[in-house]
Visitor: 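This is the structure, below, for whatever I ask next.
Sequence positions, counted from 1, serve as the residue numbers for this chain. Since the structure is predicted, the reported quantities are computational estimates derived from the model, not experimental observations.
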Amino acid sequence: SSFISATLAESDRNEVLAASYYMRALENDPQNLFIAEKAFFQLVTAGQIVYAAEIAPSLLDTNSIAPLAHLVLATKALKMRDSVTILHHAAEVKKTSIGYLFAPLMQAWAHAINHDRAAAIDALSELKGNPAIVSIAEAHKAYILDYMGEIESADSAYKALISSQSMASLQPIAAYGDFLYRNHLDQRARDMFAQEIKNNNNNMFLHREAQRHMLGIGPTLPVSKPDGALAHFYFRMATEGYRERPDLLTLFYGRLAEYLSPASEDIKLLLGELLTKLDRPAAAARAYAPIPQDSTAAQAAFLRQIEALQEAQNYEAAEILLRREILKQPKDTRLLALLADLYRVQGNCDQAIPYYNQIINSYDRPQPIQWFNYFARGSCYELEGNWSLGEVDLLMSLQLAPENAMVLNYLGYSWLSREIKLDQARKLIVKAAQKEPENGSIIDSLGWVQYKMKDFTAAVETLERSIKLSPGNSTISDHLGDAYWKVGRLREARFEWRHALASAESDKEIERIKLKMIYGLMKD
């Protein structure tokens with residue numbers, strides 16, 4: 001039963017709950033490698049590296065999972081400064097497909113922990129190939145020399161790396177600045193940061209790192225230490241995976257980075273974005289949550305956290321966070337809009353409208369930037385049955401954003417469904433369809449215009465295209481069923497109505513579709 005619960009939680013992308021159930025199943029069947037593998041992966045993706053490391057030794061003889069198990073154990077040993085264990089697992093990782101990068105870095109830092117400079121530099125010399133890999137080796141050489149207190153050698157290594165223009169990231173510049181400040185070379189550090197910020201087009205990362213040192217805070221990520229250096233390497237691996245094609249291995253690297261540097265805001269932001277891409281919004285919200293409010297990343301993290309909570313349909317948590325923030329900033333229209341939108345998507349328009357009123361009234365006169373506020377308030381009025389006010393707002397939204405396909409379609413369909421201003425409705429919907437020909441909902445509106453104009457053959461063709469663009473949309477299935485009926489394709493009509501019925505929400509809608517399935521459509 002624990003295993004079944006775990007698989008259900010895993011299918012729901014709730015890795016924390018899945019890991020808990022897999023661990024319970026493993027307690028009941030400790031020799032089961034299949035369950036152990038499942039538990040290991042869920043623990044890592046949930047960010048519970050310490051528990052994953054407890055399971056890892058049982059997986060070292062398996063073919064598929066052994067390299068990652070060794071990597072977790074080597075990473076844990078690195079955090080504990082256990083050089084003997086690092087070297088053991090790094091040697092095993094070296095035999096695998098991922099070993100060409102990970103093993104030399106792990107071995108180099110194990111030797112650095114033992115203060116064996118020659119062995120550390122020798123391990124890094126194995127990183128050969130393309131310039132990106134060589135630049136990683138050169139960066140870690142500078143970090144290791146810095147870690148070992150070899151000031152002159154580290155200074156030379158940092159300068160050579162920065163002047164080579166072959167850096168894989170800007171982290172070495174930040175690390176060099178940190179090195180200079182720690183060695184009381186403040187003016188050199190300030191001059192270096194100023195020059196590199198200029199060289200890199202006022203890069204915000206370098207601005208932030210320079211400012212942190214000016215304030216006496218220190219670097220975001222201390223890469224001149226073993227855990228900081230490897231955390232940054234994992235972070236880079238996760239970043240590259242995120243840019244190219246994010247998958248669970250990308251998340252694996254991100255979690256190892258977080259384990260080594262749990263306070264890093266950059267890593268938390270990346271994890272949040274990665275988990276969002278992997279359709280794990282609840283986990284994304286948890287990743288953003290620990291970023292402190294006085295951080296430079298706080299605003300971005302807060303907004304992304306709210307988005308993630310909404311996507312996870314955890315509206316209550318999102319509302320609590322927004323209300324708490326609005327108490328601090330009661331006139332912040334961005335926060336008011338987020339709360340209004342939160343209520344609107346739940347269908348609580350009576351709660352949303354006062355906030356839209358407050359936002360709209362904060363401007364002296366309507367401005368293009370406000371088009372969505374008028375649109376959202378108008379749609380709320382319409383849903384509440386107050387079409388006269390809704391139409392006024394939607395028309396204002398159209399005036400402010402005359403080329404916006406969403407506004408064109410919504411207003412046009414609203415007229416169409418009320419069977420008023422049909423010619424104007426047709427023009428708006430045709431224009432929307434021209435702007436977004438791959439939008440299933442807009443193409444559905446176009447098909448429904450054709451239906452209302454009694455061009456049933458054209459309506460069928462358009463609605464069939466719409467259902468391909470948005471499969472599973474109950475409104476489109478309902479419309480297509482009606483169009484099929486009008487052209488005599490009765491069996492197909494009932495088939496589409498059956499699909500629409502399966503997704504119908506209100507009792508009135510269910511009853512309406514049931515009657516059509518029994519009696520068909522009345523003749524005009």
Visitor: Other residues, nucleotides and ligands only: do more than 12 of their heavy atoms fall within 6.0 Å of NZ on Lys225?
Guide: no

Visitor: Going from CG on Leu274 to CG on Leu269, what distance comes out if it is rounded to the nearest 0.5 angstrom?
Guide: 12.5 Å

Visitor: What is the ring orientation for Trp109 with His140, classed by angle as parallel under 30°, tilted 30 to 60°, or perpendicular over 60°?
Guide: perpendicular

Visitor: List the steps, then state whether side-chain contact (heavy atoms from CB on, under 4.5 Å) holds for Leu71 with Ile98.
Guide: CA-CA 10 Å; Leu71 199 58; Ile98 63 173; 4.1 Å; yes

Visitor: Whether the side chain of Asn473 engages the backbone of Ile476 through a donor-acceptor N/O pair (distance < 3.5 Å, no angle test) should be reported.
Guide: yes

Visitor: Show me the pairs that pass side chain to side chain donor-acceptor pair (under 3.5 Å) and involve residues 249-263, at least two apart or across chains.
Guide: Asp247-Thr250, Arg255-Glu258

Visitor: Between Arg334 and Glu325, is there a side-chain N and carboxylate O pair less than 4.0 Å apart?
Guide: no

Visitor: Once you measure the plane-to-plane angle for Phe3 and Phe34, does it fall in the parallel (<30°), tilted (30-60°) or perpendicular (>60°) bin?
Guide: tilted

Visitor: Counting the benzene-type ring for Trp, do Phe233 and Phe102 have ring centres under 6.0 Å apart?
Guide: yes

Visitor: According to side chain to side chain donor-acceptor pair (under 3.5 Å), does anything in residues 37-61 pair up with another residue at least two apart or in another chain? List the pairs.
Guide: Glu10-Gln42

Visitor: Quick one, Leu60 and Glu92 - any side-chain contact, counting heavy atoms below 4.5 Å?
Guide: no

Visitor: Do NZ/NE/NH1/NH2 and the carboxylate oxygens of Glu464 and Lys468 come within less than 4.0 Å?
Guide: no

